[in-house]
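First comes the structure, then the notes that go with it.
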Amino acid sequence: MPRRKLIKERVPTPERPPEERIKDFKEVNLGYTFELAVREAERCLQCPYEYAPCIKGCPVHINIPGFISKLVEYRNDPDKAVKEALNVIWACNSLPATTGRVCPQEDQCEMNCVMGKVGDKINIGKLERFVADYAREKGIDEELLFEIIPKIEKKGQKVAIIGAGPAGLTAAGELAKLGYDVTIYEALHEPGGVLMYGIPEFRLPKEIVHKEIEKLRKLGVRILTDHVVGKTVTIEELLQEYDAVFIGSGAGTPRLVNAPGINLNGIYTANEFLTRVNLMKAYLFPEYDTPVYVGKKVIVIGAGNTAMDAARSARRFGAEVTIAYRRGEEDVSAREEEVEHAKEEGIKFVYFVNPVEFIGDENGKVKAVKFEKMRPLEERDARGKRKIVGTGEYITLEADTVIIAIGKHPNRLIINTPGLKVERGKIVVDENMMTSIPGVFAGGDAIRGEATVILAMGDGRKAAKAIHEYLTKKRQEKANA
Ligand SMILES: Cc1cc2nc3c(=O)[nH]c(=O)nc-3n(C[C@H](O)[C@H](O)[C@H](O)COP(=O)(O)OP(=O)(O)OC[C@H]3O[C@@H](n4cnc5c(N)ncnc54)[C@H](O)[C@@H]3O)c2cc1C
Ligand code: SF4
């Protein structure tokens, strides 16, 4: 591309104003138009592929300057520009409409973007989202898919995937493209994992997740919902029917606060609250039949993405919402954009408080939370967060609803499989993502604990490659026998 004048300021994406968006669950950020996307794409310096820090920062190593350059090169033909750009993205990422919306780009691809030295970093996530959205709206993704499908060479081997979250879906898509016969076993009645039951519509519309999953079905992936592995079928049984198994069962068991009063009415885990709201669409009750109770004063305990999603969802029911976090603002782990949005929507933050008691009324309903005030130390823990200690001073905050969002760990049903090596609740894998059971691979939150969508997808891709190598060897051994 010819050299261009440096454009320091990022082209902003339009957003709905806070006073309007807190009244519904529709998407907050409206994304780029083609014209805006091209203007933002023109800012990219097109660092060489071998050097570009954005590619290094992306866990699945998307050729970022490669896809951005297509938008500029074909600026006079938007459909071609998007088709070319999507083709580059799909080589590494099969769910770009999702990752473009939910990845913490500030800690990944955008972290070391060279443009950051002279101005704003390139808005990579929103460009990725634009390409995926435009392609979906114009049917360009279907066109590309139907060009890929006839080139698939069937291998005649079967792979079972446990869990239809980002890890399982990615592994399934990659294996289907390589010609394997893939079946996903999903416990819930809808595939998508956290994308469906955790992340709310106002950040990730469910229609988009459905369509991304539909593409995988078109690639030949079979999805069996309402199948709980460990109950409906065991891993041992799957191994008799399939040539390999991938476990992508996530980390869906919530951690609870060990304090008196935890069982009072009005206290939810964020998992339950968000599942009711997102998966069961309780925000549309009685049109949908799952109810959810949200009072007038809500306290959310924790400050990760889950806490932010729970708080912003509760706000949309008209509640006054406070996020209570045991550390300080610098240690909040949620994405920057979500924290900004939460603040704009009027959510209050109280730092350095740790819950020690939930106080109930005479009917067993929560009415307040007692917190110990905390103090930071100079020392940091393994994740780089400052350690904290109790001060012996307390405060009590009123609440008629409390949502606990202090993390989750992997589900016991899978990790109790005989012969499966597990350490601190997480499945142990070798450098090829294989578990202690030969032919059984794993990835995503099931091996990492709660992490990110793109890391789960990166694991799914890596495991698919390893499964392909494992099964290629098996085919060769069979042919030589
Ligand atoms: C509320 C919330 C918000 C988040 N926001 C972000 C964000 O903005 N950005 C980001 O990058 N990450 C975010 N995360 C983290 C991210 O969603 C996870 O890291 C990611 O979904 C992990 O993918 P996974 O495929 O490993 O697991 P999951 O998405 O948990 O999927 C696992 C699937 O396995 C199924 N399953 C479990 N056990 C069984 C069984 N025995 N049999 C069959 N199926 C089973 C589950 O039903 C589920 O569908 C968020 C997480 C939460 C909870
Ligand atoms: S680091 Fe930034 S400027 Fe360089 S190629 Fe990546 S997005 Fe473009």
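Just follow the structure's listing: the first ligand is 1, and inside any ligand the first atom is 1. What's counted below: heavy atoms across the whole structure, side chains too, no hydrogens, waters or symmetry copies.
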Legend entry - Nearest-contact summary for atom 2 (Fe) of ligand 2 - protein heavy atom, Å: Cys113 SG, 2.4 Å

Legend entry - Part of Glu338 with heavy atoms under 4.0 Å of ligand 1, whether side chain, backbone, both or neither: neither

Inset, instruction - Distance to 0.1 Å, residue and atom name: give those for the protein heavy atom nearest to atom 31 (O) of ligand 1. - result: Gly165 CA, 3.4 Å

Inset, instruction - Answer whether the closest heavy-atom distance between the side chains of Tyr197 and Thr275 falls below 4.5 Å. - result: yes

Inset, instruction - Measure the distance from atom 46 (C) of ligand 1 to every protein heavy atom, then report the residue, atom name and distance (to 0.1 Å) of the closest one. - result: Glu186 OE2, 3.6 Å

Inset, instruction - With heavy atoms of Ala456 as the reference, note each atom of ligand 1 found under 4.0 Å away. - result: 22 (C), 23 (O), 26 (O)

Inset, instruction - Taking only Lys NZ, Arg NE, NH1 and NH2, and the carboxylate oxygens of Asp or Glu, determine whether Lys465 and Glu174 approach each other closer than 4.0 Å. - result: no

Legend entry - Any N/O pair Pro166/ligand 1 closer than 3.5 Å: yes

Inset, instruction - May I have the step-by-step check of side-chain contact (heavy atoms from CB on, under 4.5 Å) for Glu320 and Lys348, ending in yes or no? - result: CA-CA 8 Å; Glu320 187 187 293; Lys348 294 189 200 115; 3.5 Å; yes

Inset, instruction - Before accepting this row, confirm whether a basic side-chain N of the pair Asp24/Arg316 lies closer than 4.0 Å to the acidic partner's carboxylate O. - result: no

Legend entry - Proximal ligand 2 atoms for Pro65, defined as those under 4.0 Å from one of its heavy atoms: 5 (S)

Legend entry - ligand 1 versus Leu455: contacting region, heavy-atom distance under 4.0 Å: neither

Legend entry - Nearest non-hydrogen protein atom, atom 4 (Fe) of ligand 2: Cys47 SG, 2.3 Å

Legend entry - Check: Ile184 and Pro191 side chains under 4.5 Å, non-hydrogen atoms: no

Inset, instruction - Decide whether the shortest distance between a heavy atom of Gly230 and an atom of ligand 1 is less than 4.0 Å. - result: no

Inset, instruction - Look at Lys126 together with Asp133 and state whether they make a salt bridge at an N to O cut-off of under 4.0 Å. - result: no

Legend entry - Those atoms of ligand 1 less than 4.0 Å from some heavy atom in Gly250: 26 (O), 27 (O), 30 (O), 32 (C)

Inset, instruction - Give a yes/no on ligand 1: does Met308 have at least one heavy atom closer than 4.0 angstrom to it? - result: no

Inset, instruction - Return the residue, atom name and 0.1 Å-rounded distance of the protein heavy atom closest to atom 34 (O) of ligand 1. - result: Gly163 CA, 3.2 Å

Inset, instruction - Apply the side chain to side chain contact (heavy atoms under 4.5 Å, CB included) test between His227 and each candidate in Leu188, Ile162, Thr183, Thr232; give the one that qualifies. - result: Thr232

Legend entry - Gly443-ligand 1 polar pair, N/O distance under 3.5 Å: no

Legend entry - Cys54 and Gln108, any side-chain heavy atoms less than 4.5 Å apart: no

Legend entry - Heteroatom proximity flag, Arg203 to ligand 1, N/O under 3.5 Å: yes

Inset, instruction - Could you label the plane-to-plane angle of the Tyr470 and Phe441 rings as parallel, tilted or perpendicular, counting under 30° as parallel and over 60° as perpendicular? - result: perpendicular

Legend entry - Numbered atoms and elements of ligand 1 in range of Lys408, under 4.0 angstrom, heavy atoms: 53 (C)

Legend entry - Basic-acidic side-chain contact under 4.0 Å: Arg39, Glu42: no

Legend entry - Proximal atoms of ligand 1 relative to Leu188 (non-hydrogen, under 4.0 Å): 47 (O)

Legend entry - Residues Arg312 and Glu345 bridged, charged N to O under 4.0 Å: yes

Legend entry - N/O separation below 3.5 Å, Ala451 to ligand 1: yes

Legend entry - Sub-4.0 Å atoms of ligand 1 with respect to non-hydrogen atoms of Asp445: 18 (C), 19 (O), 20 (C), 22 (C), 26 (O)

Inset, instruction - For atom 2 (C) of ligand 1, state which one of Val233, Asn278, Thr306 supplies the nearest heavy atom. - result: Thr306

Inset, instruction - Do me a favour and list the nearest non-hydrogen protein atom to atom 6 (C) of ligand 1 with residue, atom name and distance? - result: Asn305 ND2, 3.5 Å

Inset, instruction - With heavy atoms under 4.0 Å as the rule, classify the contact between Ile414 and ligand 1 as side chain, backbone, both or neither. - result: side chain

Inset, instruction - Answer yes or no: is there a side-chain heavy-atom contact under 4.5 Å between Met457 and Pro59? - result: no

Legend entry - Atoms in ligand 1 with a heavy atom of Ile162 nearer than 4.0 Å: 42 (N), 43 (C)

Legend entry - Ile454 N/O under 3.5 Å from ligand 1 N/O: no

Legend entry - Shortest protein contact, atom 3 (S) of ligand 2 (heavy atom only): Leu45 N, 3.4 Å

Legend entry - Polar proximity ligand 1 side, Asn411 side, N/O cut 3.5 Å exclusive: yes

Inset, instruction - Decide if the gap between the ring center of Phe130 and the ring center of Tyr32 is smaller than 6.0 angstrom. - result: no

Legend entry - Salt-bridge criterion met for Arg10 and Glu110 (N-O under 4.0 Å): yes

Legend entry - Pair Glu40 + Arg43, salt bridge at N-O below 4.0 Å: yes

Legend entry - Under 4.0 Å to a heavy atom of Ile122 - the qualifying atoms of ligand 2, by number: 2 (Fe), 7 (S)

Legend entry - Heavy-atom side-chain proximity of Pro166 to Thr98 below 4.5 angstrom: no

Legend entry - Glu423 with Arg448: basic N within carboxylate O range, under 4.0 Å: no

Legend entry - For atom 8 (Fe) of ligand 2, the option (of Cys54, Cys44, Gly66) bearing the nearest heavy atom: Cys44

Inset, instruction - Please indicate whether any nitrogen or oxygen in Val229 is less than 3.5 Å from any nitrogen or oxygen in ligand 1. - result: yes

Inset, instruction - Pull out every atom of ligand 1 sitting under 4.0 Å from any heavy atom of His227, numbered as shown with elements. - result: 42 (N), 43 (C)

Inset, instruction - With heavy atoms of Gly248 as the reference, note each atom of ligand 1 found under 4.0 Å away. - result: 32 (C), 33 (C), 34 (O)

Inset, instruction - For residues Thr401 and Tyr293, determine if any side-chain heavy atom of one lies less than 4.5 Å from a side-chain heavy atom of the other. - result: yes

Inset, instruction - Enumerate the atoms of ligand 2 whose separation from the nearest heavy atom of Val114 is less than 4.0 angstrom. - result: 1 (S), 2 (Fe)

Inset, instruction - Check whether any N or O atom of Ala187, backbone or side chain, sits under 3.5 Å from an N or O atom of ligand 1, and answer yes or no. - result: yes

Inset, instruction - Could you say whether the N/O atoms of Val228 and ligand 1 ever approach to under 3.5 Å? - result: no

Inset, instruction - Take the angle between the ring planes of Phe202 and Phe25 and call it parallel below 30°, perpendicular above 60°, tilted in between. - result: tilted

Legend entry - Closest candidate by heavy atom, reference atom 50 (C) of ligand 1, pool Val194, Leu413, Asp309: Val194

